[in-house]
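Here is the structure we will look at, set down as structure tokens.
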Amino acid sequence: MARKSNILRIAAVLALMLATAGVQAQTIMRKKSVANTERRQTAEQEMVVARGDTTAIILPERNFGRFDRGLYNYLYIPKGCWGFGVTASYGELNTKDIQLLNILNDFDFGGKIYSINLSAAYFFRHNQSIGLKVNYTRGTADLNHLAVDFSDDLNFSIRDVGYYQESYAMGCAYRNYVGLGRQKRFSVFNEVDLMFQSGQSRFKRLFNDEPKDTRTTVTQASLNFSPGVAIFMQQNVAFNVSFGVFGIKLRKEDQTTNGTDEGSRFSSGANFRFNIFNINFGMLVVI
């Protein structure tokens, strides 16, 4: 009984210490929150001239937490500006009679892919814009010959394989910037876009020495979330990098082979991870 009583006393003391520590932590956080709020109110009185109007350099925002942590959203792009962006990419790979040891022989391949993305946005509020996006992507790949020889019992060759893909996309986008300093040089942003895509692909190959031509028509709708970083290199020209981290898509495919209908497929999916194949580099001109 004495041992049980000692354990209860120790537990009571620990509970009292934890409660005291919690009260002290809340008191410290409350004091810091009050100090941050006072600094915010003082900082919000600092004014700058943007597009002929006088406005606060720190944008007033509602604090959604219990405490004010002293995080500021500085004015980055003022209301009333227009932003025009362009992103372009190009990649090409060509091989001719490449040989790897005694396994890969006569590898003859040529392929290229390029895309261009155009956007126009209007800043309806400080650091917030809404606009339109247009994307075009095209890619081709031709495998003229490939021979693989692992052993006498395992060897094969592929020839005359071709692939072609082309797509168009259009949609609307909302972007919210958070300025990171008074100099209006660096910021982070989050972009949400709703895109509608239409495209087609063509896959040509030999099957039992007979040519087969498969054509696929694709219709897709997607909702994408892409955070990123923007840096003003000049007064009106910014460089930005965005990363695809979340997206939802609906996709419908119709397929034919040698003119014969092979059916259609509807699919949907969501992506909740960082996508290394969806990293975009672009330029933004603000006027």
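The first residue in the sequence is number 1, and the count goes up from there.
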Checklist entry - Any chain of hydrophobic side-chain contacts (each under 4.5 Å) joining Leu206 to Val161? => result no

Checklist entry - Shortest non-hydrogen contact from Ser167 to Gln197? => result CB-NE2, 3.5 Å

Checklist outcome for this item: Between the CG atom in Asp142 and the CZ atom in Phe109, the distance rounded to the nearest 0.5 Å is 8.0 Å

Checklist entry - Between Ile58 and Leu180, is there a shared hydrophobic cluster once you connect ILVMFWY residues whose side-chain heavy atoms come closer than 4.5 Å? => result no

Checklist entry - How close do Arg125 and Lys79 get, heavy atom to heavy atom, and via which atoms? => result C-CB, 3.9 Å

Item to check | Polar contact flag, side-chain donor to acceptor under 3.5 angstrom, Thr257-Glu262 | outcome: yes

Checklist entry - So how far is it from Asn135 CG to Tyr168 OH, rounded to the nearest 0.5 Å? => result 12.5 Å

Checklist entry - Within a strict 4.5 Å, meaning less than it, do heavy atoms of the Gln255 and Arg265 side chains meet? => result no

Checklist entry - Does one side chain, of Asn258 or Thr260, offer a donor that lies under 3.5 Å from an acceptor on the other? => result no

Next on the checklist: For the NZ atom of Lys204 and the CG atom of Asp213, what is their distance to the nearest 0.5 Å?
Outcome noted: 6.5 Å

Next on the checklist: Could you tell me if Thr217 and Gln200 have a donor-acceptor pair between their side chains, going purely by distance under 3.5 Å?
Outcome noted: no

Item to check | Rounded distance [0.5 Å steps], CG in Asp193 versus CE in Met170 | outcome: 13.5 Å

Next on the checklist: Assess the residue pair Phe232 and Ile77 against the criterion (side-chain contact (heavy atoms from CB on, under 4.5 Å)); give the C-alpha distance rounded to whole Å, side-chain angles, the decisive distance to 0.1 Å, and a yes or no.
Outcome noted: CA-CA 10 Å; Phe232 265 105; Ile77 301 178; 4.1 Å; yes

Item to check | Residues which pass ring-ring contact (aromatic ring centres under 6.0 Å, His included) with Phe203, listed by chain and number, not counting sequence neighbours | outcome: none

Next on the checklist: One pair to check against side-chain contact (heavy atoms from CB on, under 4.5 Å): Lys133 and Asn117. What are the steps and the verdict?
Outcome noted: CA-CA 7 Å; Lys133 299 175 65 176; Asn117 309 317; over 6 Å; no

Checklist entry - Are any non-hydrogen side-chain atoms of Lys184 and Tyr74 less than 4.5 angstrom apart? => result no

Item to check | Residue pair Leu250 / Ser268: nearest heavy atoms and the distance that separates them | outcome: CD2-CB, 3.4 Å

Item to check | Where Tyr177 and Ser187 come nearest, the two heavy atoms and their spacing | outcome: CD2-OG, 3.4 Å

Checklist entry - Is Val188 close to Val178 at the side-chain level, that is, under 4.5 Å between some pair of heavy atoms? => result yes

Next on the checklist: Can you confirm whether Ser201 sits close enough to Val218 that some side-chain heavy atom of one is under 4.5 Å from a side-chain heavy atom of the other?
Outcome noted: no

Checklist outcome for this item: Sorted by chain and residue number, the side chain to side chain donor-acceptor pair (under 3.5 Å) partners of Asn240 (sequence neighbours excluded) come out as none

Next on the checklist: For Phe196, give me all partners under ring-ring contact (aromatic ring centres under 6.0 Å, His included), at least two apart in sequence or on another chain.
Outcome noted: none

Next on the checklist: Students often mix this up, so state it plainly: with edges at 30° and 60°, are the rings of Phe281 and Phe239 parallel, tilted or perpendicular?
Outcome noted: parallel

Checklist entry - For Phe266, does the CZ atom have more than 12 heavy-atom neighbours from other residues, nucleotides or ligands under 6.0 Å away? => result yes

Checklist entry - Going only through I, L, V, M, F, W and Y residues with side-chain contacts under 4.5 Å, is there a path from Leu284 to Ile231? => result no

Item to check | Interatomic spacing from NZ in Lys252 to CG in Asp254 - rounded to 0.5 Å | outcome: 3.5 Å

Checklist outcome for this item: Contacts of Glu92 meeting side chain to side chain donor-acceptor pair (under 3.5 Å) (sequence neighbours excluded), chain-then-number -> Tyr90, Asn94

Next on the checklist: For a side-chain contact (heavy atoms from CB on, under 4.5 Å) check, start with the C-alpha distance between Phe123 and Tyr76, then their side-chain angles and the critical distance, and finish with the verdict.
Outcome noted: CA-CA 11 Å; Phe123 285 81; Tyr76 191 66; over 6 Å; no

Checklist entry - Between Ile287 and Asn236, is a side-chain contact (heavy atoms from CB on, under 4.5 Å) present by the stated rule, with each step listed? => result CA-CA 7 Å; Ile287 59 175; Asn236 297 321; 5.6 Å; no

Checklist entry - Hey, what do you get for OG (Ser242) to CG (Asn280), rounding to the nearest 0.5 Å? => result 4.0 Å

Checklist outcome for this item: For Gly247 and Asn224, the nearest pair of non-hydrogen atoms, with its separation, is CA-OD1, 4.1 Å

Checklist entry - Quick check: does any side chain N or O of Asn127 sit under 3.5 Å from a backbone N or O of Phe189, one acting as donor and the other as acceptor? => result no

Item to check | For Arg205, side chain to side chain donor-acceptor pair (under 3.5 Å) partners two or more places apart | outcome: Thr214

Checklist entry - Residues two or more places apart in sequence or in another chain: which of them pass side chain to side chain donor-acceptor pair (under 3.5 Å) with Tyr164? => result Glu166

Checklist entry - Any idea which heavy atoms bring Cys81 and Val286 closest together, and the distance? => result CB-CG1, 3.8 Å

Checklist entry - Is Val134 linked to Met195 within one hydrophobic cluster, defined over Ile, Leu, Val, Met, Phe, Trp and Tyr using a side-chain heavy-atom separation of less than 4.5 Å? => result no

Checklist entry - If two hydrophobic side chains count as joined below 4.5 Å and joins carry through other members, does Leu132 share a cluster with Leu223? => result no

